[in-house]
Structures are given as structure tokens and as C-alpha cells.
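Worth saying up front: this structure is predicted, and the values here are computed from it rather than measured. Below, chain A is the first sequence line, B the second, and so on; all start at residue 1.
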There are 2 protein chains.
Amino acid sequence: MSKATRTPEGAFPGIRHDHGDCVAEALSAAEALCAQRGVRLTELRRRVFELVWSSHAPVGAYDLLSRLAREREGAAPPTVYRALDFLKEHGLIHRIESLNAFVGCRTPGQAHAGQFLICSECGMAAEIDDSRVNAAIDRRAKEIGFAVHSKTIEVEGLCPPCRDRAGEDGHGIG
Amino acid sequence: MSKATRTPEGAFPGIRHDHGDCVAEALSAAEALCAQRGVRLTELRRRVFELVWSSHAPVGAYDLLSRLAREREGAAPPTVYRALDFLKEHGLIHRIESLNAFVGCRTPGQAHAGQFLICSECGMAAEIDDSRVNAAIDRRAKEIGFAVHSKTIEVEGLCPPCRDRAGEDGHGIG
DNA sequence: GAATATTAGGTTATAATATAACATATCTTG
DNA sequence: CAAGATATGTTATATTATAACCTAATATTC
């Protein structure tokens with residue numbers, strides 16, 4: 001199994017996965033990307049990136065701000081939003097439109113749309129990048145004559161563990 | 001070609017289409033649906049629905065509010081949001097997450113996700129409902145074991161006329 | 001048809017998200 | 001180091017959305 005493409009089973013990292021590895025991997029990828037592009041992953045941007053990566057659940061800008069404010073006196077909304085803008089611009093994070101929240105990108109540097117499965121129970125988001133989905137949209141757009149710039153694909157539902165848990169509940173006394 | 005599924009060419013109604021027909025059709029479909037479900041399409045809800053349908057471009061809640069306020073003294077945010085909630089709940093309108101705006105639904109009453117092509121130039125949105133796109137997402141979700149509840153699919157780009165216009169610009173002096 | 005419950009809407013306040021505008025600091029480059 | 005470019009600090013405000021509580025209209029039951 002290649003390292004580049006994770007298995008579908010890995011879409012939602014288990015509750016016991018070593019998240020430190022996720023963060024470390026993301027950070028080093030981000031550093032490499034910024035170095036390559038000649039842009040600066042400043043301390044602030046790096047810190048905001050780490051905070052976004054603090055879990056696989058998308059996190060709101062003001063959540064980030066309140067955490068940032070603990071360590072950085074005078075942090076204000078623009079502090080966070082500017083860092084987020086930078087990270088987004090360079091494909092290091094994605095914005096989840098349906099949640100007004102941000103999540104780390106699993107495949108930074110690649111041109112990609114960002115397709116997400118988002119669990120409404122536990123909040124976890126899994127980034128998928130399904131070529132069939134992309135192809136189906138592109139095909140349809142082409143039929144219509146629409147020139148695609150970017151795609152927002154956010155699927156809400158239950159991740160495997162939460163789905164199973166919900167199923168158990170349904171089996172009870174009722 | 002059946003009447004139920006419009007042609008791809010009709011996805012973006014031309015600038016010269018009879019929009020009164022769109023609104024009239026939408027209204028009568030909404031009335032039928034509400035009657036069938038035994039819910040009330042009150043004067044306020046009906047009016048908000050008409051305002052949402054005032055064009056094929058998604059419209060923000062506060063835009064709706066300012067228009068509503070012209071004819072309804074004391075209209076406030078909840079006035080609009082409650083009507084929008086009702087309309088959304090019954091599948092009469094869709095929320096465009098990437099724009100924080102609302103647009104009339106082309107196929108009310110049917111269970112459907114709502115897939116949109118949105119022109120960043122003119123603002124028009126075309127609702128598509130591509131079964132391949134749906135199938136591709138469902139397939140992928142199934143592989144992962146994710147239980148899909150709802151999908152947000154919003155594709156940003158240029159509608160045919162705006163794409164052509166942009167192309168012309170590109171041919172100039174440069 | 002009066003009593004009651006339910007649903008819809010009015011009204012005020014405030015929460016949550018995001019950006020504008022301008023000042024200061026830091027980094028880069030000649 | 002000087003000059004320009006980039007990044008951040010700071011204050012204010014815009015935009016989007018909801019909470020909470022009250023009144024009015026409609027539906028239901030007796």
C-alpha cells in the first residue's frame with residue numbers, strides 16, 4: 001500500500017490514532033511547501049496551523065482566537081483571519097462552508113477541490129478526493145457550458161463509529 | 001424530452017426568459033405542496049418566497065429583509081429567518097452555504113440534495129441534480145462506512161454567457 | 001361558540017462570524 | 001543602512017444569525 005494515498009478505512013482516523021503524527025506530518029509538509037513557494041510560515045501562521053490541526057474536527061475562527069489569545073496577548077479577529085487566509089491561499093487548510101469552520105488539508109500543495117464527509121455527531125471531518133465525483137461534476141458542467149473554478153462538496157452524516165452507536169440505540173427497549 | 005427534467009441548456013435561464021413564469025410556477029408548486037402537507041403558506045412566507053424567487057441569483061437574508069421592510073413595517077431579522085426556515089424545511093428553497101444566501105428550489109417536494117453551479121460573475125445559480133454525482137458520493141461514502149444524511153454541492157465558476165464574455169476580453173490587445 | 005392548545009409573528013436584544021482601515025513592526029533587498 | 005514590501009497590532013464596525021419573551025391568529029375540543 002502506498003503512503004501517498006491512504007486507504008478508505010483511514011478516512012476517519014480512529015479515536016486512538018497518534019494525532020501527534022498527524023500534526024507533525026502536516027507541519028513538515030507545510031514547511032516544505034512554504035519553502036518551495038518562497039512564502040513565510042511565520043510563527044503566528046504556524047501556530048494557527050497547529051491549532052487548526054489540533055483535531056480532525058473543523059474548528060471555528062473564534063475558537064481558534066480564544067485559544068490563541070491564551071498565549072498571545074492582544075490577539076484579535078484579524079490576527080486569526082489573516083493567518084487563516086494565508087493558510088487557505090496556499091492550500092494548507094480548507095474552509096468548511098456549511099460549518100463556518102476550518103480544517104487542515106490532508107494533501108497540501110496539490111490542486112484539489114476538497115471534498116468532505118462530516119460527522120454531525122462527533123464533528124470529525126474526513127477529506128476525500130474522489131475522482132469519480134470530480135469527473136461527474138466536470139462532465140455535467142461541460143454539458144451545460146459552465147467553466148468550473150472551484151467546488152464545495154460537504155457531505156453531512158454519521159462516521160462509522162457514530163453510525164454504529166446510533167444503530168445500537170435503535171435496538172433498545174422500544 | 002419529458003417536462004420533468006429540463007434540458008441542460010436550460011440550467012441557466014437566459015437573460016430574456018420570462019421570469020414571471022418561473023415565479024408563477026414556483027408559487028403554484030409551493031401552494032400545492034403546502035396544501036398536500038397541511039402546512040400554512042402564510043402571506044409572509046409566501047412573500048418571502050416570492051422575494052427569494054425574484055431572480056435566479058441567491059439572495060442574502062438581509063437583502064430580503066430590507067426589501068420586505070419597504071412593505072412591512074417592523075420587519076426584523078427573525079421575520080425573515082423564520083420564513084426562510086419554514087421554506088427550507090419544506091424544500092421550497094435552498095441555502096447556498098458558500099454565499100450565505102438563499103435561492104428557490106426548482107424541484108420542490110422531491111427529496112434531493114441540491115447541487116448548484118454558481119456564476120461568480122453574474123451571480124446566477126443553476127440547480128442541477130446529477131445522479132452520477134450523487135451516485136459517486138454515495139458509493140464512496142459506502143466504502144468508508146459513512147451514513148449520508150445530506151449533501152452540500154456548490155460549484156463556483158462562470159456560466160456560459162459570462163465565460164464567453166471573459167473569453168472575448170482575453171483576446172484583446174494583450 | 002367559548003376554552004384551550006398550537007402555530008405564527010412582533011419586538012428587543014445579543015451572539016457569532018467576518019472585514020475595513022490605519023498604525024506599527026519586521027523582514028528583504030539593493 | 002535605506003527603501004520597499006510584507007506581516008502584524010489595534011480599533012472599530014459590518015454582516016449573518018439566534019435567543020427570549022410577548023402578542024396575535026388559527027385550529028381543536030368540548
Side-chain angles (χ1 to χ4, degrees), chain A residues 30-31 34-52 57-90 92-103 123 152 154, chain B residues 30-31 34-52 57-90 92-103 123 152 154:
Chain A
E31 274 161 3
C34 288
Q36 181 204 316
R37 294 196 182 175
V39 295
R40 286 155 58 197
L41 187 63
T42 61
E43 195 193 321
L44 172 62
R45 288 166 176 174
R46 184 192 167 97
R47 188 68 190 118
V48 170
F49 185 66
E50 286 172 355
L51 289 173
V52 169
V59 55
Y62 280 74
D63 276 2
L64 292 170
L65 175 55
S66 72
R67 294 199 242 163
L68 193 66
R70 287 179 205 150
E71 47 194 68
R72 211 170 239 266
E73 201 162 349
T79 313
V80 162
Y81 279 105
R82 284 196 285 232
L84 291 172
D85 284 346
F86 171 88
L87 297 169
K88 223 181 343 163
E89 185 183 340
H90 293 287
L92 298 169
I93 62 171
H94 289 282
R95 177 165 211 272
I96 305 297
E97 299 292 343
S98 56
L99 297 176
N100 294 339
F102 302 83
V103 71
T152 298
E154 299 170 8
Chain B
E31 273 161 4
C34 288
Q36 181 204 316
R37 294 195 182 176
V39 295
R40 286 157 55 198
L41 187 63
T42 61
E43 195 192 320
L44 172 63
R45 289 166 175 173
R46 184 194 167 95
R47 187 68 189 120
V48 170
F49 184 66
E50 287 173 353
L51 289 173
V52 169
V59 55
Y62 280 75
D63 276 359
L64 292 170
L65 175 56
S66 72
R67 293 199 243 163
L68 193 66
R70 288 178 206 151
E71 47 195 70
R72 211 171 236 267
E73 201 163 346
T79 313
V80 162
Y81 279 104
R82 285 196 285 231
L84 291 172
D85 285 347
F86 171 87
L87 296 169
K88 223 182 342 167
E89 186 184 340
H90 293 287
L92 297 170
I93 62 171
H94 289 282
R95 176 165 209 273
I96 304 297
E97 299 291 343
S98 56
L99 297 176
N100 294 339
F102 301 84
V103 71
T152 298
E154 299 169 8

For this session: Check whether any side-chain heavy atom of B:L84 sits under 4.5 Å from a side-chain heavy atom of B:L64, and report yes or no.
Result: yes
Exercise. Could you state the CD-C1' distance from A:E43 to D:dG9, rounded to the nearest angstrom?
Worked result: 15 Å
For this session: Could you state the atom-to-atom distance from CD1 of B:I96 to P of D:dT16 in whole Å?
Result: 15 Å
Problem set entry | Atom pair distance, as rounded to whole Å: OH in B:Y62 and P in D:dT16 | 8 Å
Exercise. Could A:R82 and A:D85 be called an ion pair, given the rule that one side-chain N must be under 4.0 Å from one carboxylate O?
Worked result: no
Seminar exercise, completed: Residues in residues 66-88 of chain A with a heavy atom under 4.0 Å of DNA chain C, by number, are A:P77, A:P78, A:Y81, A:R82
For this session: Rounded to the nearest angstrom, tell me the gap between atom CG in A:L64 and atom P in C:dA16.
Result: 15 Å
Exercise. Rounded to whole angstrom units, what separation is found between the CG atom of B:L99 and the C1' atom of D:dT15?
Worked result: 14 Å
Problem set entry | Close side-chain approach of A:L68 to A:L44, heavy-atom, < 4.5 Å | yes
For this session: With the side chain counted from C-beta on, respond yes when A:E97 and B:T152 share a heavy-atom pair under 4.5 Å apart, and no when they do not.
Result: no
Exercise. Nearest-Å distance, CG (B:N100) to C1' (C:dA16)?
Worked result: 12 Å
For this session: Take atom CG of B:L41 and atom C1' of C:dT7, then tell me their distance rounded to the nearest Å.
Result: 15 Å
Under-3.5 Å N/O pairs linking protein and nucleotides 26-30 of chain C:
none

Exercise. Would you call B:F86 and B:L41 a side-chain contact if the rule is heavy atoms closer than 4.5 Å?
Worked result: yes
For this session: May I ask you to check whether over 12 heavy atoms, not counting those of A:E71, lie within 6.0 Å of atom CD?
Result: yes
Exercise. Short question: side chain of B:R45, backbone of B:R40 - any donor-acceptor pair under 3.5 Å?
Worked result: yes
Problem set entry | Side chains of B:L51 and B:V59 in contact at under 4.5 Å (non-hydrogen atoms) | no
Problem set entry | Nucleotide D:dA7, atom P - distance to CZ of A:F49 in whole Å | 17 Å
Exercise. When you check the side-chain N and O atoms of B:E154 and B:S98, is any donor under 3.5 Å from an acceptor?
Worked result: yes
